Structures are given as C-alpha cells and as structure tokens.
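Below: one structure, written as structure tokens.
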Amino acid sequence: MGLMKRLWIIFKSEFNVWRHDPITALGGVIPPALILIAFALLFGGRLSFKIAVVNLDQGQMGGLLRQSFDEVISPLNNMPYYQALEIDLDGAMEAYQNYQVEGVWVIPQDFTHSIESGEEPNLKMDFFNYNDDRAKNHRIYSTEIIWHFYKKIGYPAPPLEIAEQYPRPLMVDWIPVIAVGVTLLSVCLASIFNIYALTYKEQISNMTLEFGLAPRSLAWVLVPKVVLALIFGLVSGTLFLMVIYAWLGYWPGNYIWAFWLLSGLTALFWIGLAIVAGLRSRNYMAGAIAIVLSAIIVFFIGGGLGLIRYHAEDVQWYSWLFPNTHAIDPIRDLVLFHTWPVDWDITLVKLAGFAVLSLTIGMLITVRSLRRMG
Amino acid sequence: MKRFALLLRNEFKLFRTAIPVHLIGIFQPALMFSLIALVLVTPTFEVQMEPPVTALEEQLFFAMKQVGSPIGQPYIDPVVVETSNDQEVQGGQIIRFERDAGRETAVQQFGLIDSNMVKNFRNRLTAAALLIWNEELGGDAITIEQEPWLPRDISYNVYFGMAMLPLAAMLASSLIGAFLTAQEFEFNTIIEYRLSPTSRYLLIGARLFRLSLTGLFSGLVLMVVIGVMTGTWPSSLGGIGLILLAVALIGSCIGTLAGLILQKTLPAFLVGLTFSFFTWIMGSAFGLSSGFSGLYEAVSRFMPNTYAVELLFPIYYRVNTGSSLQAIILLITVGGVLFLVTNITYQSRVLARS
C-alpha cells in the first residue's frame, strides 16, 4: 500500500472521531468564546467610574466642576473617567452604601466663595478602597479633573506643563489586546482537546495495548494525531481571528501565515504534553484536566490580559517556562498593527525549541509506556 | 438516614478510583491563585524620567515620590535614566523635558500602544505636576478631603482571592461530578444504579452532598492560601462554609447533569470547566459588578458567584453591607431547582432506560 494511501486511511479514521464527539472537538472554541464574551462585557463596556456628585455650591464654580467630569476623557476606551450622577446628599450616600456608586463627591456651599477669595477651597470625596487598584484610580483620576478645572476657570498657568508623544498614530484598547490573548488560548485548547478526543477511543476500548504490540513504528499512530490536533488548533484560532475582524476590525492580513507559524509552534508544545497523558489510561482524565487548566492559568500569567513586552520585569520566572509568554506580543504585532515583530527571529527560535523539546520528550515517553504495556 | 450515610460513605470511597482527578480539581484553584496573585497589578509604577536639570524638574522628581495613598502604597517609583537616543523608550514611557522661552514642559514619551497603560502613566504624571501647581497656588489650591471607605487600602489580591473562592467550590464540584458521573456510563457501572431499589433522591442526594463537600474543601484550601499570602482571614468560618456549600451544590448539579446528559468524560469535563470559568469572570471576579458597565452588571445578576461574592464581602472586609437576604434566598433557590432538575434528568437518563 502506498504511503499516501496509508496516511489517508489513518486520517480518515481519525476524522470520524470528530463526528462522534463534536463537543470535545470544539473544546478550543467553546471555553475561549465564553471567556472572550465575559471579558468583553467586563472591560469592553463603559469603564468610567460611576460616582455621585452632590453640588451644594451657591455659586457657579460647582457647576463648572460638575461639567469637568464629562469633559475629561480617559485614553482608555475614549470615555470620561467618571460617569457622574447628580443626586442629593442622602440619595448619594444611600447609593454609595448599597454599592450602586463607587464614590461620592460633595461640592460645599461656599465652594465658589472660597475660590474667589482664595480661602483654601475644598471638596469631599468618599470612595471605595476595598481594592488598592481602584482606590488608586479614584485618587489619580481626581487630579485629572482638578487639573482640567484649574484651566477651565482660568487659573494662572501651571509652572510645569505636561504633554505626550506616542510611537504610533493608533492606540489599542484593552479588548483587542485580550482578544488576541484569547485567540492564542483557543489554538492551544483546541489542540489539547483534540489530542484527547483522538485518543479517547483507544482509552475506552483498551486499544493502547494493541498499539504497544504493533509491529510498525508508533509514529504511524502518533504523527497523524499530532497533525490533526494542530490543524484543529489553527482552524479554531483562525475562527477567532475572523470573529475579531468582524467585531473589532483587526485582521493580520498578509501576515496570517506568520500567525499560524507562531501559534502553531506554541500549540505543538501543548500537544507534546497532552499526548503523554492522552495515551496512558491510568491518568487519562487527570492529565486532560491538568493540562487544560494549566493552559488557562498560563493565559492569565503569560500576557493573555495585557502586553508584556514593556513589563517584562513584572512577569514571574515561571511564566517564561511556557511558549505562550514569548509568542503573545509578536502575535499582537501581527494581528493588531500589521507590523513585523522586532523580536521575530529570537521568538521563532524559542518557540521552535519549546515545540521540539516537548514533542520529542512527549513522543519518547508515550512510545516507551505504550511498548511497555505491550 | 442510615441508608443515606451508607450511600455517602460509598460516594466518598469513589475518591480512590480517581485520586489524581480529585487532587487536581481540589488544589488547582489554589495553585492558580498563588501564581496569578504574584502578577496582579500593583499601584506602584516605575516611571522613568531623564535626569532633572532645573529646580522645577527636581521638584517634579520629589513630587512624584509624594504621589500615593496616605493609607497605602506610593503610586510612583521615579527612576532617572540616561539615554543617548531621544527616540528610545525603554520601559514603556519616559518623561523628557522641553525648555522654551522660560516655559518648561514635561513631555511623556510613550513606547506603548495600549490605552490602559497610557492612562496609568498619564494619571501619575498629572498627579505629580498638580502637586507643584497646588504649591504655587497656595491658598487658591483646591484640597480634596479623602474619605476612603476602609481605614486602609486593601490589596487587590484579597478581593481577587475572595472572588475566586466560589470558583474553587464550583470548579472542584463540577469537574469531579462530571467525571464521576460520565465514568459510570463509560465503565457501565451505571447499571448498578439502575438496579438499585433505593429512592433516586437518596442516591442523587448522597452524590451531590459528597461533591458539595469536596467543593467546599477546595474553597477552604484556597481560603488558607489567601490567608497565608495576604495575611487576611475571614471573620466567620461558618459563614464562608455555608456560602461555599451553596455554590458547590450548584457546581455539583451542573457537573452531574453534564455527566448524565453527555455520558462521556471529556465533553462533560468541558461543560463543567466552561461553566465554572464563565460564572467566575461574570460573577464579580475583578471587582464588584456595580463598578463595571451596566450590561456587565445586568448579566452578572444571573451568576451565582455574584451573590456569593456579595455574601463573602462583609466576612472578608468586616463591614456591614446591609441585608444579605436576597443573595441567600437566590443561592438556595438556584441550588434547590438544580437539585430537582438533576433528579428528573437522572430519572430520564438512568432509571427510565432500565
């Protein structure tokens, strides 16, 4: 029998697995899709802090300050820092105590008078500090409001002006950054789930024993599974890219092959890990659960939620033990900016190293344990 | 009651058939928290600036050191860097100075492309520059009297860990429930359940109770890890136990239902996994739902985790948050309804086919 014919028969029989278990075959699509939807709802909407503003001022300055809340725009999602609701004092404090608003600003009766007479005008700001990150935002957002207000009411110019310069005309929001992270997660999860789907039949019907006794090389069994899992991983990832294009307008264009290459090498690392447990009956499901959960953890610690290139010092050492951490920012360059990653060569070498190491060790352990069973 | 106790004992014995799955299901959330906690955002940012030359630039350097929480951490760690290349921006941003006709400008040069980080750096520079402006304004400067809710700023890790407790209970109970139930079909041991003369409520009740206790245990493991890592412990162990037990019951039902319907371990596991993570992220995982968009807040009201977090909140933060009755009723109702649905599904998928 010709080599191609033999390969085709093997691939065809593996394809049948997907027909019988479509849910698992979609393992790289369903969880990441829901994770993406959840993050879109979490960070994709209006991120302005909802606060109550109680304006008791008898002059005009309180009103001008109130206007400032709508006029000062955050670069994040291009929305105001605050969503200011005008409520009376009692209503504001009640809303605050019921967690309906994040804070309450009270502009006192004599606000205008104290500004005009230079008698140390002050404001009161109640705010949640149950987490220090949000407390920090309350404090430093308030400085943006005051800075704007000073200029609005014509105070003398600041001794030190501030200005900004950006490297690119385009800036991306949080959601596209996360969406690319989820796309890489999808490629990895699809590859992992499909390796398990492709070895499930062998586990249930105890065919692993037959593999162990096979006279031919076990590469005939393992390589098609690896290739098919990889293909499914890349198909899932591409599906996600199409969703991102339709939703957010980002698409790698001519760099799609580079996306496939980087994410494919990353997926091969996970396939190497998955195949070890996938063909060992005793720890089959434990392996599946451990590896899938590990991939999700790596999404969180390996730059899934934010760029890491400029925060490499904040990335813990264990995150660098996974290829995702190395691959994610170059993939973002390709998808979000259509620019060639400056660290392309070194990234490719690293990812290839991860893939080769994982597949070699994974295959060796798998073959050895199968033969021992045989 | 004795029969129930025997069934429960039998359910616990199933631990021996799937030790690795139990260990992973129980300890993985604690591992996840301990790894993520180390990379969670902290308020202190390194802000690079070129060496200050003038008095005003020196003043900015010292103002940056003052920006921070009076009851927490500083927000800026100013770092002076010498750069030969004006276009080179290492570390995401650098503050350079422009001096023109007696006016000085601090130019924040970004190498960043994401708006969230730009916002963070911008706010910090504004805060420092405002300190200088306020000093110049003297009595004209506006003072903001800060009235934070708690006497000190609490680390984000505490909230993040607290919101992960329901995930731990849900994940362990749903994954193990899905696995054990689907396995009964794969190994055909489901036939023993079909032939059993015992009431299905007792059988399912024993399984769900045992899974709920497993979920509770996973949550308690995470609670200990949070306590050790952050030094923050809950005020009521009993309260935590009851809340997590209610969440774990929901997870147990979802996992068992997935196992009963799909009858294969892999897809059943996938359902438990997806449900647990979706309800976690949507259930106030990163902050109280009222702090996010209206749509997020609306959807989060359908997640059991949201109510669990609302109940856990006063236990961790030791503040009175008003009536918890609605959250308690909701968790119990959802658990009760799912218990009935699981029983009906068991009837149709197992008993009706005998």
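Letters A, B, ... mirror the listed sequences (proteins, then strands); counts begin at 1. Quick caveat, the model's predicted, so the values are computed rather than measured.
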**Item:** Short side-chain donor-acceptor distance under 3.5 Å, Asp132(A) and Tyr75(B)
**Value:** no

**Request:** Decide whether Lys136(A) and Asn123(B) meet the rule of one side-chain donor and one side-chain acceptor closer than 3.5 Å.
**Result:** no

At their closest point, which heavy atom of [X] faces which heavy atom of [Y], and how far apart are they?
X         : Y         : answer
Ala286(A) : Pro20(B)  : CB-CB, 3.3 Å
Tyr155(A) : Asp140(B) : OH-O, 2.7 Å
Ala290(A) : Gln28(B)  : O-NE2, 4.0 Å
Ala197(A) : Leu266(B) : N-CD1, 3.7 Å
Pro31(A)  : Thr274(B) : CG-OG1, 3.5 Å
Leu150(B) : Asn129(A) : N-OD1, 2.8 Å

Side chain, backbone, both or neither: which part of [X] has a non-hydrogen atom closer than 4.5 Å to chain A?
X         : value
Val299(B) : side chain
Gln146(B) : both
Glu57(B)  : neither
Arg152(B) : backbone
Gln59(B)  : neither
Ile95(B)  : neither
Leu23(B)  : neither
Leu137(B) : side chain
Leu60(B)  : side chain

Do the side chains of [Y] and [X] get nearer than 4.5 Å, heavy atoms only?
X         : Y         : value
Tyr196(A) : Phe269(B) : no
Asp114(B) : Trp174(A) : no
Leu171(B) : Leu293(A) : yes
Glu104(B) : Pro159(A) : no
Phe43(A)  : Asn116(B) : no
Ile146(A) : Thr126(B) : no
Tyr166(A) : Val118(B) : yes
Leu130(B) : Tyr150(A) : yes

**Message:** Tell me every residue that passes ring pair (Phe, Tyr, Trp, His ring centres under 6.0 Å) with Tyr159(B), counting only those two or more places apart in sequence or in another chain.
**Reply:** Tyr130(A)

**Message:** Among residues at least two apart in sequence or on other chains, which ones pass ring pair (Phe, Tyr, Trp, His ring centres under 6.0 Å) with Tyr296(B)?
**Reply:** Phe292(B)

Flag the pair [X] and [Y] as a salt bridge only when some basic side-chain nitrogen lies within less than 4.0 angstrom of an acidic carboxylate oxygen.
X         : Y         : answer
Glu147(B) : Lys124(A) : no
Asp153(B) : Arg139(A) : yes
Glu144(A) : Lys119(B) : no

Identify which of [options] forms the greatest number of heavy-atom pairs closer than 4.5 Å to chain B.
options                                    : value
Glu102(A), Gln316(A), Gln83(A)             : Gln316(A)
Asp126(A), Ile35(A), Asp173(A), Asp133(A)  : Asp126(A)
Ile289(A), Val292(A), Ile297(A), Ile301(A) : Ile289(A)
Leu307(A), Ile37(A), Leu42(A)              : Leu42(A)
Leu47(A), Ile115(A), Val177(A), Ile296(A)  : Ile296(A)
Ser117(A), Ser142(A), Ala157(A), Ser114(A) : Ala157(A)

Let's test your reading of the structure: which of [options] forms the most heavy-atom pairs below 4.5 Å with chain A?
options                                  : value
Leu288(B), Ile132(B), Ile36(B)           : Leu288(B)
Leu35(B), Leu175(B), Val107(B), Ile19(B) : Leu35(B)
Leu273(B), Leu295(B), Asn157(B)          : Leu273(B)

**Message:** Can you confirm whether more than 12 heavy atoms, excluding those of Glu94(A), are under 6.0 Å from its CD atom?
**Reply:** no

Approximate separation, where rounding is to 0.5 Å, of [X] [atom1] and [Y] [atom2]:
X         : Y         : atom1 : atom2 : result
Ile24(B)  : Met285(A) : CD1   : CE    : 9.5 Å
Asn131(A) : Ser155(B) : CG    : OG    : 8.5 Å
Tyr99(A)  : Glu297(B) : OH    : CD    : 13.5 Å
Met117(B) : Leu76(A)  : CE    : CG    : 11.5 Å
Ile30(A)  : Leu270(B) : CD1   : CG    : 5.0 Å
Glu164(A) : Gln108(B) : CD    : CD    : 5.5 Å

**Request:** Could you go through the side-chain contact (heavy atoms from CB on, under 4.5 Å) check for Arg124(B) and Ile140(A) one step at a time?
**Result:** CA-CA 7 Å; Arg124(B) 283 168 171 81; Ile140(A) 59 180; 4.0 Å; yes

**Request:** Apply the test side-chain contact (heavy atoms from CB on, under 4.5 Å) to residues Ile162(A) and Thr105(B): give CA-CA distance (whole Å), side-chain angles for both, the deciding distance (0.1 Å), then the verdict.
**Result:** CA-CA 5 Å; Ile162(A) 48 180; Thr105(B) 305; 5.7 Å; no

**Item:** Donor-acceptor contact below 3.5 Å, side chain Thr143(B) vs main chain Asn122(A)
**Value:** no

**Request:** Look at the side chain of Trp133(B) and the backbone N and O of Glu161(A), then say whether any donor-acceptor pair between them is shorter than 3.5 Å.
**Result:**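 Between the backbone of Glu161(A) and the side chain of Trp133(B) there is no qualifying donor-acceptor contact (under 3.5 Å).
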
Side chain, backbone, both or neither: which part of [X] has a heavy atom under 4.5 Å from chain B?
X         : result
Ser294(A) : both
Ile73(A)  : backbone
Pro156(A) : both
Asn78(A)  : neither

**ring pair (Phe, Tyr, Trp, His ring centres under 6.0 Å) evaluation trace for Trp280(B) with Phe300(A)** = CA-CA 14 Å; Trp280(B) 170 55; Phe300(A) 284 103; 5.5 Å; yes

